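These numbers come from the heavy atoms of this one structure, side chains and all, not from hydrogens, waters or symmetry mates. Residue numbering restarts at 1 for every chain, and letters A, B, ... go by the order of the sequence lines. What you see is a predicted model, and the numbers here were worked out from it, not measured in a lab.
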Amino acid sequence: MTAQILSEGFKDAARDGAHAFRAILTAMARPGTIATLQAASGPAPISPAAATVLLTLCDRTTPLHLAGAHDNPELRDWIAFHCASPFVSAENATFALGDWAALQPVDRFGIGTPEYPDRAATLIVDRHDFDAAPTRLTGPGIRDTATLALPEARAFAANHGLFPLGWDAILTSGSRLAALPRSTEIS
Amino acid sequence: MSDQAYNFAYLDEGTKRMIRRAILKGIAVPGYQVPFASREMPMPYGWGTGGVQVTAAVLTPGDVLKVIDQGADDTTNAVSIRKFFQRTAGVATTERTNEATMIQTRHRIPETPLTGDQILVYQVPIPEPMRFLEPRETETRRIHALADYGLMQVRLYEDIARHGEIATSYAYPVEVAGRYVMDPSPIPKFDNPKLDDCPAIQLFGAGREQRIYALPPYTHVRSLDFEDHPFTASKADHACAICGSGTSYLDEVITDDAGGRMFVCSDTDYCAQNAKGGA
Amino acid sequence: MYVAVKGGERAIDAAHAWLDRSRRGPVDQPVLDTAQIRDQMGLAVTRVMAEGSLYDPDLAALAIKQACGDLIEAIFLIRAYRTTLPRFGASIPIDTAAMRLKRRVSATFKDAPGGQILGPTFDYTHRLLDFRLMADGELPTEPLAEGGETESAATPHVLSFLNRDGLIEDAAPDETPPADLTREPMELPADRTLRLQALARGDEGFLLGLAYSTQRGYARNHAFVGELRIGMVAVEMDIPELGFAIEIGEIEVTECETVNQFKGSRSEPAQFTRGYGLTFGQTERKALAMALVDRALRWEELGEEDQGAPAQDQEFVLSHCDNIQATGFLEHIKLPHYVDFQAELELVRRLRAGLSDQDEDAA
């Protein structure tokens with residue numbers, strides 16, 4: 001086990017986790033809000049924000065799908081050590097981590113069932129371009145309207161069309177984080 | 001200083017992660033009750049174990065916590081829960097609504113309007129709004145899946161037919177973002193309008209019933225009613241005997257054995273500030 | 001002046017101090033030792049372990065002492081403690097056929113290999129208060145009969161003999177990991193593993209009443225005690241680093257298998273069916289009741305008729321068998337409800353006013 005794998009987790013699991021969760025909660029509850037999050041860092045290409053999300057939300061009970069460049073031995077070892085999440089296919093994932101392109105097609109991911117809409121995947125879209133052209137958002141969590149750069153507005157609009165089913169997304173890059181729940185309308 | 005024998009905010013990190021995931025799904029599907037593996041807490045079911053678990057999972061060391069029961073900070077159960085978090089999380093506490101970053105409540109929404117920097121956590125005894133019309137969880141789950149809320153409409157209409165109005169005075173059902181019918185916990189229906197378009201995040205925890213649900217800020221929350229019988233928020237038609245407020249929710253207090261009574265604010269912080277002229 | 005509910009903090013502290021004093025009782029009496037509770041109130045201890053879902057006689061004894069003998073309160077203390085314990089993994093299934101028996105009775109066969117072992121039972125005692133226990137606390141101990149109080153070696157289950165003839169439903173091993181309602185929220189309908197877990201933790205009195213109701217005709221299922229056994233079993237755990245299982249301890253359990261009449265259905269031939277109960281410690285009333293309720297809950301998989309009996313209704317049974325949930329919600333109505341009551345007062349006054357308006361209109 002390399003030193004890099006052992007280090008760069010939370011220094012204080014309870015307090016770091018509490019601050020990180022509050023940032024994620026705020027982002028999910030207020031779509032369009034961009035939070036700063038960098039309590040952990042992992043092997044490339046994972047961003048500090050995405051690494052912090054994994055440490056905050058994932059463990060041995062949450063099957064995780066790694067997509068594209070994020071599916072590499074160093075990152076797998078780091079996740080195995082810090083989270084112990086089982087690695088699974090996209091269809092069986094509670095969480096998925098990768099670039100937007102690598103996560104395609106996104107209709108592979110769980111959207112929940114009418115009886116249990118909560119049993120849906122959360123996509124961690126890493127290396128997101130926060131500076132791309134913003135999209136206008138409305139819906140719960142948003143006073144009037146908000147804006148946020150999205151990797152592909154149409155895919156998010158289609159996902160919202162499934163409401164109350166659908167996956168939810170956390171967008172990360174560097175130490176920045178935003179979230180887009182399925183409840184958000186894209187216009 | 002927090003008690004070193006316990007993890008920060010009592011719960012172990014695995015339990016917090018499980019609750020945090022449930023909260024996020026609750027936020028993503030406003031008004032839907034997310035099942036969660038509620039833990040046995042060191043206070044009894046019915047005393048706010050759901051609210052305590054949600055607060056424990058959301059609390060950060062920098063938070064300022066306020067705990068109210070029946071609107072009051074000094075009721076025994078509010079005191080007990082506040083002490084629990086002082087001891088296990090070492091967080092600052094307050095009785096002032098506008099100083100708090102997190103508020104755990106049982107049965108009331110504070111009179112002082114909430115802000116976008118606050119999170120309100122409700123203790124919920126029976127999260128299922130359809131429970132007393134249909135006791136079976138298997139059946140109510142189907143009702144929510146199909147948004148088949150006719151049973152509720154019928155019941156409310158029967159009230160009007162029999163009593164001339166909807167005879168529900170607390171835990172008055174609401175429709176969230178045009179989709180799920182939700183139990184707002186046993187707040188008086190006087191408080192229902194405060195649920196709507198609220199700048200704060202509102203989280204609901206039902207420990208014994210193992211459910212968490214949420215209202216993101218600025219969510220549209222409509223109290224169920226009929227066009228010809230619109231919802232009305234009601235309260236005792238008096239002013240507070242202490243601060244004189246004519247707009248806050250009142251408790252009726254019996255003052256002697258000759259039927260004497262007075263009406264005072266249920267929200268003790270609001271009353272104290274209003275009496276000082278500062279609210 | 002308005003003084004209601006003020007001073008909550010001082011009131012709580014004073015109440016706790018009073019409780020501590022009343023627990024101790026008169027100080028001229030010797031204090032009760034938890035070892036005495038553990039060793040002389042053993043059946044209370046095992047009930048607390050069974051329903052508290054934690055096998056630790058010393059902690060159960062402590063909980064009973066702290067709860068002043070209120071067993072549901074003691075179970076609550078154990079449950080609350082249990083949630084704080086980290087989980088390292090699951091043991092491999094215990095082998096009750098390898099049990100060192102202290103009691104083993106069958107009501108279906110006069111004798112079977114291994115024989116009947118009465119063990120320490122109340123069954124044939126005359127329920128006469130024994131005032132000698134009050135006088136000096138000691139009873140003359142009878143000399144033990146030959147072979148008494150020794151535990152027997154591994155003995156096969158009685159029902160395995162019926163099984164050989166195909167007269168009883170086969171209970172094949174199932175490698176599917178059982179559900180765990182302490183880690184996942186209960187999902188209905190629940191499979192049998194989840195039901196058995198809920199029943200094993202469930203309130204003895206609640207299960208007793210339900211089991212009794214089946215005997216009186218509310219989903220009667222003609223139960224015989226095929227076998228009731230009590231004794232010690234080894235708990236083994238696979239250690240991945242070692243590549244094999246090692247024994248990590250021994251626990252006492254009570255196991256009850258009932259044999260139930262079954263006339264057959266369209267898909268199944270007539271044969272005997274089983275109900276199953278397994279609990280920590282010497283808790284045979286609970287294990288018996290559990291087996292009867294388990295059997296009643298199996299109506300659907302056996303193609304039996306839904307008689308609408310409470311013991312057949314899994315949602316009813318599983319939602320209400322946990323005494324910690326039940327007592328919490330029952331007792332919480334002691335907490336203040338001024339706000340809701342006030343709302344109801346206003347409503348009732350308004351409805352009455354409306355009614356008298358109508359009366360005036362009518363008059």
Side-chain angles (χ1 to χ4, degrees), chain A residues 10 12-31 33 53-62 83-84 94-95 112-122 138-144 146 163-170 179-185, chain B residues 2 6-9 11-14 16-37 56-63 89 101-102 116 119 138 141-142 144-147 176-177 179-180 197 199-203 212 214-221:
Chain A
F10 284 158
D12 177 339
R15 286 166 182 80
D16 289 351
H19 286 297
F21 176 67
R22 182 64 74 83
I24 299 167
L25 172 63
T26 303
M28 190 66 86
R30 301 175 188 279
T33 306
V53 171
L54 289 187
L55 293 192
T56 307
L57 297 175
C58 298
D59 54 34
R60 61 182 72 248
T61 67
T62 54
C83 308
T94 304
F95 286 87
T113 66
E115 286 76 24
Y116 293 96
D118 55 302
R119 295 181 182 172
T122 302
T138 56
I142 300 167
R143 181 179 203 173
D144 306 323
F163 187 87
L165 306 189
W167 38 260
D168 307 297
I170 295 174
L180 207 77
R182 67 191 89 166
S183 60
T184 302
E185 246 177 274
Chain B
S2 62
Y6 299 97
N7 192 29
F8 172 75
L11 298 174
D12 62 277
E13 292 305 298
K16 282 187 207 160
R17 278 192 294 271
M18 177 269 294
I19 296 170
R20 287 167 177 166
R21 291 191 296 264
I23 292 172
L24 291 180
K25 288 303 177 196
I27 288 284
V29 190
Y32 164 73
Q33 303 161 52
V34 183
F36 83 113
V58 174
L59 203 62
T60 65
D63 272 314
T101 56
M102 282 198 69
I119 296 176
T138 37
R141 189 160 286 287
R142 188 195 62 77
H144 288 295
L146 301 174
V176 177
R179 177 58 177 81
Y180 286 97
D197 205 33
I201 295 173
Q202 300 177 80
L203 304 175
I212 284 171
L215 295 173
Y218 307 112
T219 298
H220 182 49
V221 179

Asker: Can you check whether Pro117(A)'s main-chain N or O pairs, donor with acceptor, with Lys25(B)'s side chain at less than 3.5 Å?
Answerer: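 Flag not set: sc Lys25(B) to bb Pro117(A) has no pair under 3.5 Å.
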
Asker: Between Arg179(B) and chain A, which part of the residue has a heavy atom less than 4.5 Å away: side chain, backbone, both or neither?
Answerer: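 Arg179(B) touches chain A through side-chain heavy atoms alone.
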
Asker: Select one option (side chain, backbone, both, neither) describing which atoms of Thr122(A) are under 4.5 Å from chain B's heavy atoms.
Answerer: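 Looking at Thr122(A), backbone and side chain both touch chain B.
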
Asker: On a heavy-atom basis, which atom in Ala18(A) and which in Arg20(B) lie closest, and how many Å separate them?
Answerer: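 Closest approach of Ala18(A) to Arg20(B): CA-NH2, 3.5 Å.
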
Asker: With a 4.5 angstrom heavy-atom cut-off, could you sort out which part of Ala200(B) is near chain A: side chain, backbone, both or neither?
Answerer: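 For Ala200(B), the backbone is the part near chain A, not the side chain.
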
Asker: Could you tell me which of Pro30(B), Ala177(B), Ala214(B), Ala9(B) has the largest number of non-hydrogen atom pairs under 4.5 Å with chain A?
Answerer: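 Ranked by heavy-atom pairs under 4.5 Å with chain A, first place is Pro30(B).
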
Asker: Quick check: closest heavy atoms across Ala14(A) and Lys16(B), and the distance to 0.1 Å?
Answerer: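 Heavy atoms only, the tightest pair is CB-NZ, 4.0 Å.
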
Asker: Given a strict heavy-atom distance threshold of 4.5 Å, which part of Ala147(B) is in contact with chain A: side chain, backbone, both, or neither?
Answerer: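 Neither part.
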
Asker: Specify the closest pair of heavy atoms between Tyr32(B) and Tyr116(A), including all atoms of both residues, with the distance to one decimal.
Answerer: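 Reported closest heavy-atom pair: OH-CA, 3.4 Å.
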
Asker: Among Leu146(B), Asp63(B), Asp197(B), which residue forms the greatest number of heavy-atom pairs with chain A at distances under 4.5 Å?
Answerer: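 With the most close heavy-atom pairs to chain A, the winner is Asp63(B).
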
Asker: Side chains of Pro217(B) and Arg30(A): does their closest heavy-atom pair fall under 4.5 Å?
Answerer: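 They are in side-chain contact.
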
Asker: Are Asp59(A) and Arg21(B) ion-paired here, with the side-chain N under 4.0 Å from a carboxylate O?
Answerer: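 So Asp59(A) pairs with Arg21(B) through a salt bridge.
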
Asker: Does the ring of Phe21(A) carry Arg17(B) above it, NZ/CZ under 6.0 angstrom from centre and within 45° of its axis?
Answerer: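 Output no; distance or angle outside limits.
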
Asker: Are side-chain heavy atoms of Leu24(B) and Leu57(A) found at a separation under 4.5 Å?
Answerer: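 In contact.
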
Asker: Nearest 0.5 Å, what's the CD1-CZ distance between Ile201(B) and Arg22(A)?
Answerer: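 Separation between the atoms: 7.5 Å.
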
Asker: If you define the side chain from C-beta out and look only at heavy atoms, does anything of Val29(B) sit under 4.5 Å from Asp118(A)?
Answerer: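 Counting from C-beta outward, Val29(B) and Asp118(A) never come under 4.5 Å.
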
Asker: Please flag which part of Ser183(A) lies under 4.5 Å from any non-hydrogen atom of chain B: side chain, backbone, both or neither.
Answerer: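 For Ser183(A), the contact with chain B is made by backbone and side chain together.
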
Asker: Is it the side chain or the backbone of Ile119(B) that comes within 4.5 Å of chain A heavy atoms, both, or neither?
Answerer: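 Only the side chain of Ile119(B) comes within 4.5 Å of chain A.
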
